[in-house]
J.: 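Here it is: the structure, laid out below.
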Amino acid sequence: MATSSLPPLSNSRTEADGSAVVRVLSYNIRSMRDDTDALARVIAACAPDLVLLQEAPRLFRWRKKLTRLADASGLVLLSGGGTAAGPALLCSLRATVERTEDVLLPLTPGRHRRGLATAVVRFGGARLGVLSCHLSLEAEERHAQAGLLLDRLAALDVPHAVAGGDLNERPGGRTFRRLGDGLRDCWTAAPWGGEYTFTPTAPDRRIDAVFVTEGVEVLGCGVPHGLAGVAEADLRAATDHLPVLTALRVPATP
């Protein structure tokens, strides 16, 4: 599955006009129940500025586990985890953090609690809203959660934003289309690397995705098969999903 001819993905940088190239990684880490060393190696090799996690630890000593993962990946814990019912955000020291907010979504009796991890950060002169999500397995609830996600993204009140996560739905599904009506699907905009995110041993579907608001330029998006430092063995051992790596150019905020 390695892609020897994988074209390079833009590196993080701040441009002279204040705009910023930002690498964003979205990754379902299954509560860190698998090989956490492999997980940290994959994250570090992707050199992200922002990491949008799903199924982060949320019970016993969850904050310590997330902090250790961030440290092993050369990052810091930004928000989420137990306080967001699973979604979490990590960031590099390149980010200047304005604010964070963890949001719990309405609970349907008998189902898992869902939430959103959100933040507003700056890179150079670019201001960016960030949101990590893990939507329901049940279709009607998932569709409703997509609407709440869009509302929360708008409430960040920033000109540019990125949202990503485990949608539990393939492209073409009603929820995926709802998100695509208000946001741009990064894989569709600039495919790079692999498309399918589940399962890591025999990927045959794309249920994890990254979206951006209008005005954000997508430079590349996909599963980082063949990226230097990302071993296929680590991708298989780290968790039960494959990560989605995206490079974005975010305009400077007026």
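Every heavy atom of this structure was used, including side-chain atoms; hydrogens, water molecules and symmetry mates were not.
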J.: Does L39 reach the side chain of Y27, with side-chain heavy atoms less than 4.5 Å apart?
T.: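 Yes, their side chains come closer than 4.5 Å.
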J.: Return the minimal non-hydrogen interatomic distance between A84 and L104, and the atom names on each side.
T.: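 Result for this residue pair: C-CD2, 4.0 Å.
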J.: Using the side-chain hydrogen bond (donor to acceptor under 3.5 Å, both in side chains) rule, collect all pairs that involve residues 36-49, keeping only residues at least two apart or in two chains.
T.: S12-D49, R41-D234, D49-R94
J.: Looking at side-chain heavy atoms only, is the closest gap between E101 and L156 below 4.5 Å?
T.: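 Answer no - side chains too far apart.
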J.: How close do G81 and L66 get, heavy atom to heavy atom, and via which atoms?
T.: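 Closest approach of G81 to L66, heavy atoms only: CA-CD1, 3.8 Å.
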J.: Quick check for you: to the nearest 0.5 Å, what is the distance between R236 atom CZ and L242 atom CG?
T.: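 Here the interatomic distance stands at 10.0 Å.
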J.: Between I207 and L135, is there a shared hydrophobic cluster once you connect ILVMFWY residues whose side-chain heavy atoms come closer than 4.5 Å?
T.: no
J.: Kindly indicate whether the side chain of F211, heavy atoms from C-beta on, has any atom under 4.5 Å from the side chain of L153.
T.: no
J.: Among pairs that include at least one residue of residues 55-75, which meet side-chain hydrogen bond (donor to acceptor under 3.5 Å, both in side chains), considering only residues two or more places apart or in two chains?
T.: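 Matches after skipping sequence neighbours: N28-E55.
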J.: With ILVMFWY side chains joined below 4.5 Å, transitively, what does V22's cluster contain besides itself?
T.: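 V24, L50, L52, L78, L89, V97, V121, F123, L128, V130, V162, V210, V212, V216, V218, V244, L248, V250, listed by chain and number.
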J.: Would you indicate whether the side-chain heavy atoms of L105 and L116 approach each other to under 4.5 Å?
T.: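 With C-beta onward as the side chain, the pair touches.
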J.: Ignoring hydrogens and geometry beyond distance, is a side-chain donor-acceptor pair present between Q145 and S136 at under 3.5 Å?
T.: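 Absent: no donor and acceptor within the cut-off.
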J.: Inspect the surroundings of CG in D157 and state if more than 12 heavy atoms from other residues, nucleotides or ligands are less than 6.0 Å away.
T.: no
J.: Is any side-chain heavy atom of W192 less than 4.5 Å from a side-chain heavy atom of T246?
T.: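 They are not in side-chain contact.
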J.: Of the non-hydrogen atoms in S26 and G165, which two are nearest, and what is the gap between them?
T.: OG-N, 3.3 Å
J.: Can you confirm whether L148 sits close enough to V103 that some side-chain heavy atom of one is under 4.5 Å from a side-chain heavy atom of the other?
T.: no
J.: Is L245 reachable from V21 through a run of I, L, V, M, F, W or Y residues, each pair having side-chain heavy atoms under 4.5 Å apart?
T.: no
J.: Got a second to check how far H112's NE2 is from T108's OG1, nearest 0.5 Å?
T.: 12.0 Å
J.: CD/E232 to OG1/T201 distance, rounded to the nearest 0.5 angstrom?
T.: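 Between E232 CD and T201 OG1, I get 11.5 Å after rounding to 0.5 Å.
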J.: Looking at CG of L25 and CG of L90, how far apart are the two atoms once the value is rounded to the nearest 0.5 Å?
T.: 9.0 Å
J.: First locate atom OG of S10, then atom CZ of R249, and finally report the distance between them rounded to the nearest 0.5 Å.
T.: 6.5 Å
J.: In a check of side chain to side chain contact (heavy atoms under 4.5 Å, CB included) between H143 and each of R178, E169, R177, E138, which one passes?
T.: R178
J.: Is it true that W187 and Y196 fall in one hydrophobic cluster, defined by side-chain heavy atoms closer than 4.5 Å?
T.: no
J.: Measure the shortest side-chain to side-chain distance between P48 and L75 over non-hydrogen atoms and say whether it is less than 4.5 angstrom.
T.: yes
J.: Which atoms form the tightest heavy-atom contact between H160 and G215, and what is the distance?
T.: CD2-C, 4.1 Å
J.: Could you tell me which residues satisfy side chain to side chain contact (heavy atoms under 4.5 Å, CB included) with P171, sequence neighbours excluded, listed by chain and number?
T.: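 F176, R206.
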J.: Which atom pair, heavy atoms only, marks the closest approach of L167 to A209?
T.: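 Nearest heavy atoms, L167 then A209: CD1-CB, 4.1 Å.
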J.: How far apart are the closest heavy atoms of T83 and G80, and which atoms are they?
T.: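 That closest heavy-atom pairing would be OG1-O, 3.7 Å.
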J.: Scan for side-chain hydrogen bond (donor to acceptor under 3.5 Å, both in side chains) pairs involving residues 114-132, sequence neighbours excluded, and state none if there are none.
T.: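 side-chain hydrogen bond (donor to acceptor under 3.5 Å, both in side chains) check on residues 114-132 returns Q54-S132, E98-R122, E98-R127, R114-H134.
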J.: Tell me every residue that passes salt bridge (Lys or Arg N to Asp or Glu O under 4.0 Å) with D102, counting only those two or more places apart in sequence or in another chain.
T.: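 Partners of D102 by the salt bridge (Lys or Arg N to Asp or Glu O under 4.0 Å) criterion come out as none, since no residue qualifies.
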J.: If we only count heavy atoms from C-beta on, is the C91 to V76 side-chain gap below 4.5 Å?
T.: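 Touching, per the 4.5 Å side-chain cut-off.
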J.: Please check: side-chain N/O of R205 versus main-chain N/O of R170, any donor-acceptor pairing under 3.5 Å?
T.: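 Side chain of R205 to backbone of R170: no pair is present.
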J.: Hydrophobic cluster membership, with links at side-chain heavy-atom distances under 4.5 Å among I/L/V/M/F/W/Y: are L219 and V51 in one?
T.: no
J.: For the atom pair CG (L137) and CG (N168), what is the distance rounded to the nearest 0.5 Å?
T.: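 Atom-to-atom, L137:CG and N168:CG are 4.5 Å apart.
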